[in-house]
Amino acid sequence: MLLRDCPVISKRKPESMALFAVFQTTFLLTLLSLRTHQSEVLAENLLLTPEAFKVSVNSAQRCLHLQWTVHNLPYNQEFKMIFQIQISRTETSNVIWMGNYSTTVKWNETVHWSWESELPLECAAHFVRIRSVVDDARFPEWNFWSSWSSWQEVNVQDSTGQDTLFVFPKDKLVEEGSNVTICYISGNIQNDISCYLEGEQIHGEQLDPHVSTFKLENVPFIRKGGTNIYCEEKQRKAISNGTVLFVSKVLEEPKDFSCETRDFKTLICTWDPGANTALDWSKQPSQSYTLFESYSGKKKHCEEKNRCNWQITQDSQEIYNFTLITENYLRKRSVNLLFNLTHRVHPMSPFSVQFENISATSAVMTWKLHSLGDYFTLLCQVELHGEGKMIQQHNVSVKANGKYLLNELEPNTEYVAQVHCADDNHFWKWSEWSGRDFTTPEAAPSEAPDVWRTMKSGSHNVTLFWKPLSKFHANGKILFYNVAVENLDKPSRLEHRSIPAPANSTELTLDGCSYQIRVTASNSAGASPAAVIVVPAAPGNKEVEEEIIEGTEDGFSMSWKPQSGDVMGYVVEWCDRPQDPLCDFQWKKLGPNTTSTVISSDAFRPGVRYNFRIYELSTKRIAHLLERKTGYTRELAPSDNPHVVTNNLTSHSFTLSWKNYSTKSQPAFIRGYHVYLKSKEEQCQPGAEKAVLPDDTVCCQYKIDNPEQKTFTVENLKPESFYEFLVTPHTSFSEGPSGTFTKVRTPDEYPYMLVHVIVPVVICVVLLVCGCLLKSQWMKDKCYPDIPDPYKSSVLSLIKSKENPHRTIMSISDCIPDAIEVVNKQEGSKIQSLGTRKSLTEPELTKLSYLYLLPTEKNYSGPGPCICFENYTYNQAASDCASCGHAPVSPEAPPSQWGLLTSSENLLKALEKNYMNSLGEIPAGETTLNYVSQLASPMSGDKDSLSTNALVPPPCSEYKMQMAVPLCLASPPPTENSDLSSITLLGPSEHYR
Amino acid sequence: MKVLAAGVVPLLLVLHWKHGAGSPLPITPGNGTCATRHPCHSNLMNQIRNQLAQLNGSANALFILYYTAQGEPFPNNLDKLCGPNVTDFPPFHANGTEKAKLVELYRVIAYLGASLGNITRDQKLLNPSALSLHSKLNATADVLRGLLSNVLCRLCSKYHVAHVDVAYGPDTSGKDVFQKKKLGCQLLGKYKQVIAVVAQAF
């Protein structure tokens, strides 16, 4: 039950009834005296009952305002009274609240009291009654309760329709986190009704059949536009009505409230206002802020919600007691602040910051301050910043203008100097910073550049390298490097060379003399000290064996043994990127007493081999190679296997070669190789071990421990067998990847031998054939020369002129026959067919005819020339003439008769006379010639003929020309009398030329 | 009543700038005198069609902006809260004559103009930060004013109709916030529905 929110008007004095009161008081006193004596209590109860009891309603604030008077009190006296109030809801018997209200009451005074209902008053009718008792020690006899007043009904349900759903309260403003009771009045609506808050159902209790109430506890702030609460009729599926609950954020107490002055004219008070409690629909504006100063009694409404300016008057008020009050419709809060004005001085920021006398290492900073009066001393803080960080900080106590000398500055450096000040006597706050930047001028470089060199072996080319000076030592922008070369062996002019920055190397071509090289770095202010290095005439670098060192991720730790006592120091050189052509040459110089160091570089990578050279620098500044080191920061497993070539493949062995495999460019030290061999054989050869591969296959492993051995011969293999091999390098901790095996098949033994025999033979044959083809004409001339065409003979022209043009006859003058032997071997049936006189051109007559021209033994008197020829070309026609046999030529025929033979008849006669039996049957006009070539090899049958004829082979087969013999004459049937040995026709004496 | 005077009445005065515009106007006889302040646009019907199309194109966006700004339960209970059951909305018959349609359109626009004025006023108080909604409401009201002028011009110039009886929606100034939200949502739902029919009818 909230009583504080409802306005309560306590008492009021109606003066107009004073006269009546005099009489009444007199009457009452009379009555009292009577009561004292007569104890008439009942009547007095009635007299003290509150009268003129009225109840009014403020439904928006859910308040009942009660007012009443107590008439029967003595005039002009105050009585302490207690009023007891009962409030019922819905019906008089349902008392929901009863309480006492104590106050002092005068005669006929109207008393006011308010009561706030947690339930909206529209939700139900309320009934109120009151009674009183005098609670005053002066009148103990009146200490009894009066009678109850009559019930006063309060009902604000005036405009509600019976068929409409109403939700109360309407547009209520509440504070976040508070508890709110709402209700709906359903009138005659009988449907089931559900209510929701922003979509979530809320559950309540039924006040009567038409009214339900919902207690919402700790209501949240959802939006400035309010929280929607609505009720839905389930059957109609309609949202009949609702209400909007405007939930305000809780008004917060202002935080960090403080006031200060910067000029003793205005006090600036600031605070953190917290959340804005403004709501839409003008339900609540933003909270207001008011500043109240208790000493002066002044008040100021603040326009801004987080600051307020207070004008300082000239009455020299030092102490201020401020109260900051904030309020909204629901709440009011305040904070207090008591302070001395002089302790809250926040100086204005310094101005006109300047720098004077800026040198390479110092500068004077000056600034000005806004005056706060002669009695104020300010503490100023000067800060010097360089490269983004504070370098120096100084405190200076000043009155009006400040000045400070900044020392220990670096040349050619940009600085920022800033200053801020505060009250030195009562520190309150620093002012804002004021500052400026400045740059110190350049100075000559303070240190010689770090110089080193590389020398190509066998030449006098020297490459000088130098490292750029650090900013600390450069003292400005290095413009160029000066290189001065001086010949130490013979007096000569210094050679100067100026190399513009940022170059970091130069190449010098020297002769065989010793040289001293001096390198300086120069900026606009001057040159640095010189770095001196001596290049001897003969480098004299001895061969130094390379030592393997083990690196780590942090670098390479190495040590060396000094060789001579007088050393200036040591130099370790290496390449950060040894695989690159430029290699990123590096060096590190060490003192004379150092014999070990750790070389580290961000460029070092695992699996890269780094080579280090350690030089000793003599006091004459000559470098001698001391040691060589090589190693990896971390060795990696080889990523590639060698590319292997198979050589010398035989039936029992083959050779593997990987000579192009570079061991020095591998990601680890190669310790050797493993050769894996797969075969169908279960046993490994001697020198091999069985090994199980990652895929669980078993093979033979040959180990090669020499990394430079890059060939391997696998022996004792079987012919015509398949083998698979893999060569992989191995390091101290792993081996190369398990790559693909290469297949090899050993060849058969015999084909191998055959190849060695057949190939040369074939080559020879081919060469021979080619030779023959190239010399075909020569071969033809030698082996089968052309036979003259008898048809083209001059004899024919003679015959043509006299006889039948078809008659072909050899000119005797063109032939020098020694002997003519006509051989004819024909089947008997074909001999018989001669009588049918078939034409020579008929195809079935294809039997060969041979005509041998041989000297007869009898007539052959010496080693004269002989002729024996056969030509199939000519023989063709003759052999085709089945009707004609070989015509034996009589050797007795005189040479003159050959002239007659130009006539077929004569020739026929000559032949007929000695050897022929049936010549007369051959017509003269059908005679043809049959040529027998000497070079034509006789057929087997012909050989038989030769043997049967006992023909003596001529000792010489040379002939000068061929001779045509009429076919029909040259083929007599082989009779018993006609022995072939007897057909020698010509003796040496009949040899014509 | 102060709210009514501050919101609806100025709007109506703007809509009916002529003398006597605040009171319902009877349809004058066809041959009655009818004068327009400015000559009507030559292509008046096209302009009316374009304005209707413009309103139809933006009606749904306005509806969505509105119910979204009201918060729950509006976006998820459109059928229960924003159904187009506005009982006193002027009728419109799409199959009537052009004159009848124009007269009905005039009533519809007048009704909508007044209601939109109420909604705009309420929303500026209730949702002062919903700037896009305010902008859309203002733009719609602007087009409605132009359309009303054009329709009246057409009625006057072609059909010699100088006065049309109009009716306005219920006064929402005395309603509670929830009822204002709900009535505005119902009105905009109805507007979206009607303007589609009207745009199609012309």
Side-chain angles (χ1 to χ4, degrees), chain A residues 59-60 120 122 158-161 164-173 182 184-185 191 193-202 220-247 276 278-286, chain B residues 1-7 64-87 118-134 137 170-190:
Chain A
S59 62
E122 297 91 339
D158 49 354
S159 60
T160 55
T164 311
L165 183 79
F166 290 94
V167 181
F168 294 105
K170 293 291 182 190
D171 310 335
K172 175 75 177 169
L173 172 66
I182 65 165
Y184 72 76
I185 302 169
N191 289 335
I193 295 170
S194 301
C195 293
Y196 301 85
L197 186 148
E198 291 287 325
E200 278 194 24
Q201 189 172 0
I202 51 178
F221 170 84
I222 294 178
R223 68 178 77 84
K224 289 166 68 180
T227 303
N228 294 323
I229 299 168
Y230 56 97
C231 296
E232 180 182 5
E233 293 176 51
K234 286 290 181 188
Q235 287 182 354
R236 279 180 58 206
K237 290 186 177 177
I239 295 175
S240 306
N241 214 327
T243 186
V244 177
L245 201 62
F246 288 90
V247 182
N276 188 354
L279 292 173
D280 292 341
W281 198 241
S282 300
K283 270 294 171 185
Q284 179 172 267
S286 295
Chain B
M1 285 308 291
K2 285 182 179 177
V3 178
L4 177 65
I64 293 169
L65 276 174
Y66 181 86
Y67 68 65
T68 307
Q70 308 316 308
E72 199 56 38
F74 288 87
N76 292 318
N77 292 279
L78 293 179
D79 52 338
K80 297 171 186 171
L81 285 165
C82 305
N85 42 358
V86 184
T87 52
N118 287 334
I119 291 170
T120 308
R121 176 204 60 199
D122 291 343
Q123 289 301 311
K124 280 183 178 172
L125 275 173
L126 189 60
N127 288 307
S129 54
L131 299 179
S132 53
L133 173 63
H134 302 161
L137 283 167
D171 177 20
T172 60
S173 59
K175 304 277 185 187
D176 62 81
V177 174
F178 191 86
Q179 285 298 322
K180 284 175 178 170
K181 288 181 174 182
K182 185 180 173 185
L183 288 172
C185 201
Q186 285 176 333
L187 189 276
L188 290 178
K190 181 72 177 177

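Each chain gets a letter, A, B and so on, in the order its sequence line appears, and its residues count up from 1.
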Exercise. Taking every heavy-atom pair that is under 4.5 Å apart, which of B:Lys124, B:Gln179, B:Gln123 has the most such pairs with chain A?
Worked result: B:Gln179

Exercise. Who among B:Asn76, B:Asn77, B:Leu126 has the most heavy-atom pairs with chain A under 4.5 Å?
Worked result: B:Leu126

For this session: Would you give the length of the straight line joining atom OG of B:Ser173 to atom CG of B:Asp122, rounded to the nearest 0.5 angstrom?
Result: 8.5 Å

Seminar exercise, completed: Output for pair (A:Leu173 CG, A:Gln284 CD), nearest 0.5 Å, gives 5.0 Å

Which atoms of [X] are under 4.5 Å from chain B, going by heavy atoms: the side chain, the backbone, both sets, or neither?
| X | value |
| --- | --- |
| A:Ile222 | neither |
| A:Thr243 | backbone |
| A:Phe246 | side chain |

Problem set entry | Worked check of salt bridge (charged side-chain N to carboxylate O under 4.0 Å, His left out) between A:Glu233 and B:Lys80 | CA-CA 10 Å; A:Glu233 293 176 51; B:Lys80 297 171 186 171; over 6 Å; no

Problem set entry | Donor-acceptor side-chain pairing of A:Lys224 and A:Asn276 below 3.5 angstrom |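 Per modelled atom types, A:Lys224 and A:Asn276 side chains form no pair under 3.5 Å.
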
Problem set entry | A:Asn228/B:Lys181 under side-chain hydrogen bond (donor to acceptor under 3.5 Å, both in side chains): CA gap, chis, key distance, verdict | CA-CA 10 Å; A:Asn228 294 323; B:Lys181 288 181 174 182; 2.8 Å; yes

Exercise. With respect to chain B, which residue among A:Val244, A:Leu279, A:Ile229, A:Asp171 yields the maximal number of heavy-atom pairs within a distance under 4.5 Å?
Worked result: A:Asp171

Exercise. For chain B, which of A:Glu232, A:Glu198, A:Lys283 has the most heavy-atom pairs under 4.5 Å?
Worked result: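 The option with the most such pairs is A:Glu198.
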
Exercise. How about B:Phe74 and B:Phe178: are their ring centres within less than 6.0 Å of each other?
Worked result: yes

